[in-house]
Amino acid sequence: MAEGGARVELRGVGVRYANGTADAVHAVDLTIDAGTFAVLLGPSGCGKSTLLRTINRLVEPTAGTVLIDGADARARPATELRREIGYVIQAVGLFPHYTVAENVAVVPRLLGWDEARIRERVDELLGLIRLDPERYRDRRPRELSGGEAQRVGVARALAARPRVLLMDEPFAAVDAIVRASLQDEIARVHRELRTTIVFVTHDVDEALRLADRIVVMNAGRVVQNGPPDDILERPADDFVRELVGVDAETRRLALERPLIER
Ligand SMILES: Nc1ncnc2c1ncn2[C@@H]1O[C@H](COP(=O)(O)OP(=O)(O)OP(=O)(O)O)[C@@H](O)[C@H]1O
Ligand SMILES: [Mg+2]
């Protein structure tokens, strides 16, 4: 399954919500190279979700431009764009009356794939996220654990081979053990597919564990953008230093002996 990622570029992207008195995001310039696992990290309300959603136009920027592989995201209808960009959120949002297979197949169906191709793709994806197709294909969401449902959400987002996958605190609602195993899964999926992933979290350890690049945000701005060891060893300012915290040395050592293969 050779699938590559797209480059995502934000140029001067700003967002002011209609009812807002201040900008939720201020003139962000950010390039995420094809195939990168980028993590947006920062405190609650700093604009992570807003910035993420400008990429698939769930939020329309009030300033600046989003480019996907050099093409303006506004050049095509937003609905079309969204079918090519996977999106996973904390509340998985599986359709309760659909089976697992039907949930995974939503976008391929919209794209008019034939049934045989859809069936094959569903089984391939269930295999990728380590859910036995025989056992899981025909279950309903209520017959899944939280972690399994989250995996199905990932499979659904990947169904039509998106070149960009957006994930907004996807593992925040599961317990620590399940979260660790989901982190392993997404790291492995990323190694296999090299999809560009933009992943939002406010969990520093999750960011360090998964990211090729960490983009630290504060109050609607990007305050640092670099590989995890840079963020730990050379925090750009006091805010970043405080965010990675007093445990920076422990975290740095943990990076040298990663729990997962990078
Ligand atoms: N639909 C909206 N309308 C108006 N203001 C909004 C809307 N969504 C978010 N905001 C505001 O924009 C700012 C950034 O919100 P955003 O959801 O992007 O933060 P976040 O970093 O994702 O926070 P969290 O970690 O809590 O999810 C906040 O001040 C928030 O109140
Ligand atoms: Mg958010």
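Order of appearance sets the numbers: ligands from 1, and atoms from 1 within every ligand.
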- Task: Could you check which of Ala219, Cys46, Gly45 puts a non-hydrogen atom nearest to atom 13 (C) of ligand 1?
- Result: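 It is Gly45 that holds the nearest heavy atom.
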
Should [X] and [Y] count as an ion pair when the cut-off is N to O under 4.0 Å?
{"X": "Glu60", "Y": "Arg57", "answer": "yes"}
{"X": "Glu115", "Y": "Arg109", "answer": "yes"}
{"X": "Glu120", "Y": "Arg117", "answer": "no"}
{"X": "Arg140", "Y": "Glu143", "answer": "no"}
{"X": "Glu148", "Y": "Arg135", "answer": "no"}
{"X": "Arg11", "Y": "Asp72", "answer": "no"}

- Query: Angle class for the His190/Phe37 ring planes (parallel below 30°, perpendicular above 60°, tilted otherwise)?
  - Reply: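 Correct class here is perpendicular.
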
- Query: Does atom 31 (O) of ligand 1 have any protein heavy atom closer than 4.0 Å?
  - Reply: no

Quick test: of every protein heavy atom, which one is nearest to [atom], and how far off is it to 0.1 Å?
{"atom": "atom 16 (P) of ligand 1", "result": "Thr50 OG1, 3.5 Å"}
{"atom": "atom 25 (O) of ligand 1", "result": "Lys48 NZ, 2.8 Å"}
{"atom": "atom 22 (O) of ligand 1", "result": "Ser49 OG, 2.8 Å"}
{"atom": "atom 5 (N) of ligand 1", "result": "Tyr17 CD1, 3.2 Å"}
{"atom": "atom 26 (O) of ligand 1", "result": "Ser44 OG, 2.6 Å"}

- Message: Against ligand 1, does Glu169 come closer than 4.0 Å with any heavy atom?
- Response: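 Yes.
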
- Note: Asn19, heavy atoms under 4.0 Å from ligand 1, region reported as side chain

- Item | Side-chain donor/acceptor of Asn225 to backbone N/O of Val215, under 3.5 Å |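 No; zero donor-acceptor contacts below 3.5 Å.
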
- Query: Quick one: which ligand 1 atoms are inside 4.0 Å of a heavy atom on Ala24?
  - Reply: 12 (O), 13 (C)

- Message: What I want to know is whether Gly47 and ligand 1 share at least one N or O pair that is separated by under 3.5 angstrom.
- Response: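 By distance alone, the answer is yes.
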
- Does the shortest distance from the Mg ion (ligand 2) to an N/O/S atom of Thr50 fall below 2.8 Å?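 Short answer: no, not a single N, O or S atom is under the cut-off.
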
